[in-house]
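Notes follow once the structure below has been shown.
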Amino acid sequence: MNEADAAASELLSEAVELAQQAGRLTLRWFADRDLSVQRKDDGSPVTDADKAAESFLREALAARFPEDAVIGEEFPQEQGTSGRTWVIDPIDGTRSFVRGVPLYATLLAMIDQQGPAIGVAAVPGLNEAVWAGRGLGCHHNGRRCRASSQRDLNRSYLSASGFEWWPDGAFERVRQTGARMRTWGDGYGYVLVATGRVEAMIDPGLNLWDIAPMLTIIPESGGRITRWSGETGAGAGDWVATNGLIHDQLLRELCA
């Protein structure tokens with residue numbers, strides 16, 4: 001391993017450590033029947049666990065990388081001068097979290113001047129994590145992992161966070177392909193794609209913090225991730241991640 005790869009690997013290890021620590025922090029509130037849930041302006045829920053996990057990550061990142069920018073779901077953006085930006089979603093799947101469903105994830109990503117560089121999805125309720133660094137491959141609980149080799153859409157398993165947000169006709173077109181539709185959603189759906197357990201994750205209406213880690217995780221697992229339009233630049237939008245082999249077929253059905 002050359003010097004640059006060693007430095008990138010060390011940075012990835014730090015990111016994994018921080019995301020897993022933040023994820024474990026959320027377990028203090030998980031399945032707490034007395035958990036207080038507030039509503040943000042957009043109607044989405046937020047809890048003390050969301051705020052505590054993001055605060056932990058922001059403080060840790062500021063101490064280790066004071067020149068880096070930080071974007072998170074719960075607090076205002078912090079500007080930086082290094083050209084690197086960390087992106088935080090402390091609990092991706094808060095609706096699952098507040099109902100005691102363990103399929104939520106703590107997400108951490110880093111984007112530099114060359115694009116997405118680091119992605120971590122920690123799933124503390126299941127003691128799982130997937131992480132990837134640009135050019136360093138994708139790992140699941142410390143072992144290399146890869147997306148599925150299934151080429152047939154009609155034999156594929158497709159995951160989604162829900163179906164109520166899909167455009168008119170899109171769900172019915174995809175359903176008619178014969179693909180098996182499931183709802184193991186939010187960040188965990190991408191974990192399933194990266195580890196070859198499903199072939200696709202379909203996710204409309206995302207913010208940057210929902211998708212940023214997946215922009216490294218999915219390609220490094222051998223898969224493909226784009227907006228429904230086929231665009232790939234980091235940002236909000238309607239996203240789909242696949243094993244790469246069914247990607248174009250699925251996009252045609254979604255956007256017909």
Side-chain angles (χ1 to χ4, degrees), residues 19-20 22-27 29-31 35 37 39-40 42-47 49-51 53-54 57 71-74 87-109 116 119-132 138 140 145 147 157-166 171 174 180-218 221 223 225-228 234-242 254:
Q20 290 181 317
R24 287 192 291 270
L25 180 61
T26 68
L27 293 174
W29 291 267
F30 181 60
L35 179 66
V37 181
R39 295 286 167 179
K40 295 185 282 189
D42 63 1
S44 61
V46 63
T47 71
D50 296 81
K51 295 175 182 178
E54 182 165 328
L57 285 170
I71 296 172
E73 181 172 9
E74 308 304 342
V87 185
I88 302 167
D89 190 342
I91 298 180
D92 186 55
T94 302
R95 289 181 175 87
S96 294
F97 179 83
V98 300
R99 296 185 69 89
V101 178
L103 306 182
Y104 71 92
T106 296
L107 306 182
L108 181 62
V120 186
V123 188
L126 300 179
N127 197 29
E128 285 192 54
V130 165
W131 60 86
C138 188
H140 175 234
C145 62
Y157 280 77
L158 313 185
S159 187
S161 295
F163 299 112
E164 61 268 35
W165 306 285
W166 290 38
F171 173 77
V174 173
R180 283 76 163 175
M181 306 292 286
R182 297 292 184 267
T183 53
W184 297 307
D186 302 308
Y188 191 59
Y190 297 93
V191 169
L192 294 176
V193 174
T195 55
R197 288 177 278 179
V198 303
E199 278 68 49
M201 173 64 181
I202 304 165
D203 225 3
L206 300 186
N207 293 297
L208 174 62
W209 46 78
D210 298 309
I211 198 64
M214 316 312 171
L215 301 179
T216 305
I217 289 171
I218 297 300
S221 73
I225 183 167
T226 70
R227 290 183 179 83
W228 293 21
D238 300 334
W239 286 87
V240 58
T242 75
L254 288 171

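Since we're looking at a predicted model, the values are computed, not measured. Positions are given from 1 along the sequence.
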I'd like to know if the side chain of [X] reaches the main chain of [Y], judged simply by a donor and an acceptor atom lying under 3.5 Å from each other, with no hydrogens or angles considered.
{"X": "W239", "Y": "R227", "answer": "no"}
{"X": "E199", "Y": "L158", "answer": "no"}
{"X": "D92", "Y": "L107", "answer": "no"}
{"X": "T47", "Y": "D50", "answer": "yes"}
{"X": "S159", "Y": "T183", "answer": "no"}

Verdict with supporting geometry, D210 and D203, side-chain contact (heavy atoms from CB on, under 4.5 Å): CA-CA 10 Å; D210 298 309; D203 225 3; 5.8 Å; no

Please round to the nearest 0.5 Å and tell me the distance separating atom CH2 of W166 and atom CG of L254. 5.5 Å

Checking Y104 against T26: is there a side-chain donor and acceptor pair closer than 3.5 Å? yes

So [Y] and [X], do their side chains get closer than 4.5 Å, heavy atoms only?
{"X": "V174", "Y": "M181", "value": "yes"}
{"X": "V240", "Y": "T226", "value": "yes"}
{"X": "R197", "Y": "W184", "value": "no"}
{"X": "P213", "Y": "V120", "value": "no"}

Quick one, W209 with I71, criterion side-chain contact (heavy atoms from CB on, under 4.5 Å). Give me CA distance, side-chain angles, the key distance, then yes/no. CA-CA 8 Å; W209 46 78; I71 296 172; 4.1 Å; yes

Please step through side-chain contact (heavy atoms from CB on, under 4.5 Å) for the pair W131 and L108, ending with a clear verdict. CA-CA 9 Å; W131 60 86; L108 181 62; over 6 Å; no

Pair V191-E128, side-chain contact (heavy atoms from CB on, under 4.5 Å): steps then yes or no: CA-CA 9 Å; V191 169; E128 285 192 54; 4.0 Å; yes

